[in-house]
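To keep things clear, I will list the structure first and then write my remarks on it.
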Amino acid sequence: MRAHNERRIMSLIRQQGSAPKAEIAQKTGLSAQAVTVIINSLEAESLLIRKEPQRGRVGQPTIPFALNPDGAFGIGLKVGRRSYDLTLIDLVGNIRATLNEYCAYPTVNSLLTFLEKGISVLKMSLSDELAERILGIGVATPFEIWNWTEEAGAPKKVMNEWKSFDFKQRINQIISLPVYVCNDDTAACSAELSFGNPARFTDFLYIFIGTFIGGGVVINETLFTGKKGNAGAIGSLPRPVLNSEGQLTSQQLIMQSSLYILEKMLKDDGYNTDIVWSSREYWGDLGPVLDKWIDQVADGLAYAALCSLAIFDFEAIVIDGAIPINVREKIVLATKLKLSQADHRGIYRCAVQSGSIGAKAQSIGCANLPLIINFSQDNVSLSHN
């Protein structure tokens with residue numbers, strides 16, 4: 001029971017940034033004595049720190065408590081379809097160290113080489129004492145990565161190696177820490193929920209535009225992963241399309257609203273596509289090709305939003321991605337416009353806005369998994385190997 005109340009207090013402080021004991025007692029419904037005991041314990045464990053006293057009120061000044069950034073750390077390993085990321089974050093979500101490596105497609109051997117080299121580099125950014133506060137490794141990986149070999153431009157034999165790959169066993173050969181595995185875009189959604197979401201939406205569909213598009217779901221301020229851990233997998237959403245013969249068929253959203261589609265469009269138009277993967281801040285002038293891609297991405301997102309709203313009455317659709325901010329804003333505006341023109345009969349309209357974490361959301365999110373497991377109220381079902 002005490003552990004539950006500790007999580008409630010930690011979650012409240014995370015949401016608000018800081019809070020005094022009296023406010024914590026009021027908002028949690030716990031007694032002042034219970035709050036004092038828990039706060040003192042968390043402070044003794046270096047998980048909380050005292051802020052400057054707040055003066056100007058009647059009586060004694062109140063002392064707000066905040067999360068101690070050095071109180072705990074999480075490591076995140078993001079296995080992407082074009083890159084690997086290794087990220088160390090502290091208790092409040094600050095990136096303490098990060099490494100990235102580009103790859104044409106992910107292979108088991110190249111990942112393990114990158115991980116073994118990277119873990120030692122990350123730990124060098126912390127003192128020996130702080131390194132003892134690393135609580136685990138979160139792994140964010142695309143769901144059934146081997147099922148999209150053609151789209152990823154990878155040999156089927158190489159990709160099939162991932163079917164039997166045991167993340168826990170192989171990672172624990174390099175470092176002995178708990179390992180938590182989840183879908184890559186669920187991890188990105190976790191980052192938005194824990195360290196972003198400035199509008200404080202309690203229910204939202206999160207969309208991340210990466211090599212392949214995907215998403216996550218938040219319900220009642222909690223990350224909802226679903227029975228198999230794949231809730232929000234909008235990339236697999238089938239969309240009605242007409243084939244070359246004019247017959248009605250379907251096509252997954254991945255094949256319309258993903259970055260690899262932009263790469264193909266640019267190649268067909270004679271562009272060098274390296275900029276798409278090498279920079280998340282600025283792509284330069286990609287001309288009408290980029291405008292066309294943005295339009296079809298927004299078309300797919302509007303469709304996914306309507307389908308999702310028909311099933312669950314979300315407050316908002318939050319859109320982020322491994323893309324420059326100006327491109328993301330154009331996608332958000334285009335999606336809003338298409339939704340405003342859609343048939344909403346029987347469906348309530350929702351807010352559509354940009355995510356606040358950006359291109360590193362997947363990396364920050366997977367590093368956040370050990371912190372969620374240890375300190376959050378979120379009822380998250382993750383593969384803890």
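Small disclaimer: the values here were computed from a predicted structure and weren't measured.
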Passing candidate, side-chain contact (heavy atoms from CB on, under 4.5 Å) with Thr141, options Asp184, Asn183, Val181: Val181
task: Only counting residues at least two apart or in another chain, list the ones meeting side chain to side chain donor-acceptor pair (under 3.5 Å) with Thr202.
output: Glu315
Side-chain donor-acceptor contact under 3.5 Å, Ser356 with Glu192: yes
query: Any luck finding a side-chain donor-acceptor pair between Gln15 and Ser11 under 3.5 Å?
result: no
Any Ile89 side-chain heavy atom under 4.5 Å of Ile95 side chain: yes
Side chain proximity check, Leu77 to Asp85, heavy atoms < 4.5 angstrom: no
- request: Please tell me if the side chains of Met10 and Leu67 come closer than 4.5 Å, counting only heavy atoms from C-beta onward.
  value: yes
Identified side-chain contact (heavy atoms from CB on, under 4.5 Å) partner of Phe224 from the options Val217, Asp203, Thr186: Val217
- request: Look at the rings of Phe212 and Tyr260 and say which category their plane angle falls in: under 30° parallel, 30 to 60° tilted, over 60° perpendicular.
  value: tilted
query: With side chains defined as the heavy atoms from C-beta onward, is the minimum distance between Leu337 and Gln341 less than 4.5 Å?
result: yes
- prompt: Salt bridge between Asp299 and Arg239, side-chain N to carboxylate O under 4.0 Å?
  reply: yes
message: Please verify the inter-ring angle class for Phe312 with Phe314; under 30° counts as parallel, over 60° as perpendicular, anything in between as tilted.
response: tilted
- request: Taking the side chain as every heavy atom from C-beta outward, state whether Lys78 and Thr87 have any atom pair closer than 4.5 Å.
  value: no
query: Is Ile325 atom CD1 crowded by more than 12 heavy atoms from other residues, nucleotides or ligands, each under 6.0 Å away?
result: no
- prompt: Are more than 12 heavy atoms from other residues, nucleotides or ligands located less than 6.0 Å from atom CG of Asp128?
  reply: no
- prompt: Looking at Leu266, Asn326, Val327, which hits side-chain contact (heavy atoms from CB on, under 4.5 Å) with Trp283?
  reply: Val327
- request: Give the C-alpha distance, both sets of side-chain angles, the deciding distance and a yes or no for salt bridge (charged side-chain N to carboxylate O under 4.0 Å, His left out) between Arg133 and Glu129.
  value: CA-CA 7 Å; Arg133 299 179 187 175; Glu129 179 187 355; 3.4 Å; yes
pair Ile134-Ile175: side-chain heavy atoms closer than 4.5 Å: no
